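Each remark here refers to the structure printed beneath this line.
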Amino acid sequence: MSLKSDRIKNTRRNAIWGIVNKFITILLPFITRTVLIYVLGVEYVGINGLFSSILQVLSLAELGFSSAIVYSMYKPLAENDNDVVCALLQFYKKIYLCIGSIVLIIGVALIPFLKYLISGSCPSDVNIYVVYIIYLLNTSCSYFLFAYKKSLLSAVQRQDIISKVAMINKIISSFIQIVGLLLLKQYYIFIVVLPLMSLLDNLLCEFLAKKYYPQFECHGKLDKKYKEDIIEKTKGLLIHKICGVTRNSCDNIFISMFLGLTPVGIYSNYYYVMSSVRGILDVFTVSMSASVGNSVAIESVEKNYKNLNLFTFIYEWLCGWCTVCMLCLFQPFMRIWVGEKAMFSFDVVIAICIYFYVWTIGDIKSQYADAAGLWWKDRIRASVEAIANIALNYVLVKNFGVFGIVIATAISILFIGFPWSTKIVFDNYFKGKSFLRYMRDEVFYAVVTIIVCFVTYEICNFVNVSGILGLIIYAVICVIIPNVLYLLAYFKSRYFKDAVRFVKKIVVKG
């Protein structure tokens, strides 16, 4: 199989199915969340957000082995060395059995401390310990059955298979959850579906991986050099995962500890919308990850540097436009969806938009960092960012509430995470290339986005129409005005013509 010749084809296929899957996995959870809010209340959304965050912290036990294994597969796959791939799968299978056991044991040990993580009362008809155990089973059981086969599918650039399975899974689970809530008004029906669907997801991925890639089975012994390489990468990945958890999961835990479950529920709704937009962008980065990995393995640094700048330009346009849309549409949408009582003030929306933008601008650079396996090189940066984020969360939540939590995360990414991690990529992979030039481009993109945000928001304010009609009008404005402004700002850019050619190649020829 020629992974090199199929890179654009695989990226296009993965992106198409990723978009379809993302649409399903955004729309259906939105419907189930809406039903949950209106049938049971926003506190139940808060329970979801809190326990999901706790178990994301527990997922640190995974240590980043999955990413390290995928990275380790790129080279043997490119060289058609099937024996090494099979040995990697066997090694990964053993590791995941250990990880699942560790997650389960630590999760059970945390049960006595749950009451200290919730400020105020819980819904009277819910036993938080039973709910937590169900969430724990959902997290731990996924490690025991064929989870390692997803890494194989990702490494061979067949993320589209994972997307199709996830889509089927989400349709079934959402149907059961919605019917259970409407007919029985039972929260336990809502959550007991989760571990069952996780098992189904892994079983389907295993079946399809075996069907399409029967040559890759779990057997063989991995050479010592591969194990040492994976362990080194995993050390860095663990620190990366800690950093990621402090960014995303600790927010809910801090809000629950200091402010209560209702603010967690409200924040979870805002975060759901933001992460859904983020998820759409992730379709593109996940779809291209294996192709970037293959390119880094066999292409020159010069070619990859050119692609880095091209992809960054395209992606900055996308994430900047998404930021503008969120700034202008967030409050009108939330007012229609959950009502005034379940909304934050506009300063929190601004903070969320800043958080979103600084969170996404490093995505393309991170693709090359991951493909080059620079996790260990990046360990100190990730540690400093994680510590700074936790400290800022603790200090700012007391004085500024949810706004303080969100802006703390944005500050740690903007002033520590992004510039430092970018420098590491240039020092260790894009050697000799201009880090300052890349950063100047990033500053330029950010300034353009700020101006576009201001102009578009003022136009929406001038229109000043409420309700569903207002949301539709604002959406039309957000489709047209920002992209016209971006076109005016970027059409003379040295990357613009290459970007147009690349997009045409993906859409027309891919």
Side-chain angles (χ1 to χ4, degrees), residues 1 3 6 9-32 52 55-56 59 62 65-67 69-70 73 77 85 88-89 92-93 96-97 99-100 103 134-135 137-179 190-218 275-276 278-291 293:
M1 105 186 117
L3 297 179
D6 288 341
K9 176 183 176 182
N10 289 331
T11 298
R12 180 175 181 268
R13 178 177 56 199
N14 290 339
I16 290 171
W17 280 106
I19 291 170
V20 174
N21 172 54
K22 189 57 64 175
F23 176 77
I24 296 295
T25 55
I26 287 173
L27 178 63
L28 292 181
F30 171 76
I31 295 172
T32 56
S52 295
L55 290 163
Q56 282 176 16
S59 71
E62 196 265 345
F65 270 106
S66 59
S67 297
I69 292 288
V70 171
M73 286 182 187
L77 281 170
V85 175
L88 284 166
L89 286 175
Y92 191 20
K93 178 181 178 180
Y96 252 26
L97 288 173
I99 290 168
V103 169
I134 294 173
Y135 271 97
L137 289 174
N138 178 48
T139 300
S140 59
C141 73
S142 63
Y143 291 109
F144 293 118
L145 281 175
F146 309 116
Y148 53 90
K149 286 297 182 76
K150 288 186 179 180
S151 294
L152 172 63
L153 292 173
S154 179
V156 296
Q157 304 178 34
R158 292 305 307 268
Q159 191 69 32
D160 63 300
I161 294 177
I162 299 174
S163 295
K164 292 171 187 176
V165 171
M167 186 169 59
I168 294 169
N169 188 310
K170 184 56 65 177
I171 291 171
I172 296 172
S173 63
S174 296
F175 176 78
I176 296 172
Q177 287 176 322
I178 292 169
V179 171
F190 183 85
I191 59 171
V192 79
V193 173
L194 300 177
L196 298 176
M197 290 299 104
S198 292
L199 290 175
L200 178 62
D201 185 82
N202 284 349
L203 289 170
L204 285 174
C205 283
E206 194 279 335
F207 171 77
L208 293 171
K210 191 171 184 177
K211 177 181 178 181
Y212 291 114
Y213 302 98
Q215 69 270 35
F216 299 125
E217 290 289 346
C218 297
S275 61
S276 296
R278 162 87 199 195
I280 294 171
L281 292 176
D282 284 345
V283 169
F284 298 98
T285 55
V286 170
S287 298
M288 67 187 292
S289 60
S291 298

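These numbers were taken from a predicted model, which means no experiment stands behind them.
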So, using side chain to side chain contact (heavy atoms under 4.5 Å, CB included) as the criterion, who are the partners of Thr32 when residues are at least two apart? Pro29, Ser174, Gln177, Ile178, Phe190

Taking every heavy atom of Leu28 against every heavy atom of Ile171, the minimum-distance pair comes out as CD1-CA, 3.5 Å

Test item: Phe216 and Leu77 side chains (from C-beta on) under 4.5 Å apart, heavy atoms: yes

CD1 on Ile24 to CG on Asn169, rounded to 0.5 Å: 12.5 Å

By the salt bridge (charged side-chain N to carboxylate O under 4.0 Å, His left out) test, which pairs, at least two apart or in different chains, include something from residues 204-216? Lys149-Glu206

I need the Leu153 CG to Ile162 CD1 distance, nearest 0.5 Å. 5.0 Å

Check side chain to side chain contact (heavy atoms under 4.5 Å, CB included) between Leu281 and all other residues, then give those that pass, not counting sequence neighbours. Tyr315, Leu318, Cys319, Cys322, Phe356, Thr360

Residues that Asn138 engages under side-chain hydrogen bond (donor to acceptor under 3.5 Å, both in side chains), provided they are two or more places apart: Ser198

Are the side chains of Cys205 and Ile161 in touch, meaning some heavy atoms are under 4.5 Å apart? no

Working to the nearest 0.5 angstrom, can you tell me the gap between Leu194 CG and Thr139 OG1? 9.0 Å

Nearest-0.5 Å distance that lies between atom CG in Asp201 and atom NZ in Lys170: 10.0 Å

Name all residues meeting the side chain to side chain contact (heavy atoms under 4.5 Å, CB included) criterion together with Ile176; count only those two or more places apart in sequence or in a different chain, and write none if there are none. Ile172, Val193

Starting from the C-alpha separation in whole Å, work towards a yes-or-no answer on side-chain contact (heavy atoms from CB on, under 4.5 Å) for Arg278 and Asp282. CA-CA 6 Å; Arg278 162 87 199 195; Asp282 284 345; 3.1 Å; yes

Inter-residue atom distance Leu152.CG - Tyr212.OH, 0.5 Å rounding: 13.5 Å

Rounded to the nearest 0.5 Å, the CG atom of Leu196 sits from the CG atom of Leu200 at a distance of 9.0 Å

Holding to side chain to side chain contact (heavy atoms under 4.5 Å, CB included), I want the full list of residues that pass it with Ile26, two or more places apart in sequence or in another chain. Lys22, Tyr272, Ser276, Ile280

The criterion is side-chain hydrogen bond (donor to acceptor under 3.5 Å, both in side chains); which residues satisfy it with Asn202, sequence neighbours excluded? none

For Phe175, check ring-ring contact (aromatic ring centres under 6.0 Å, His included) against everything at least two apart and list the hits. none

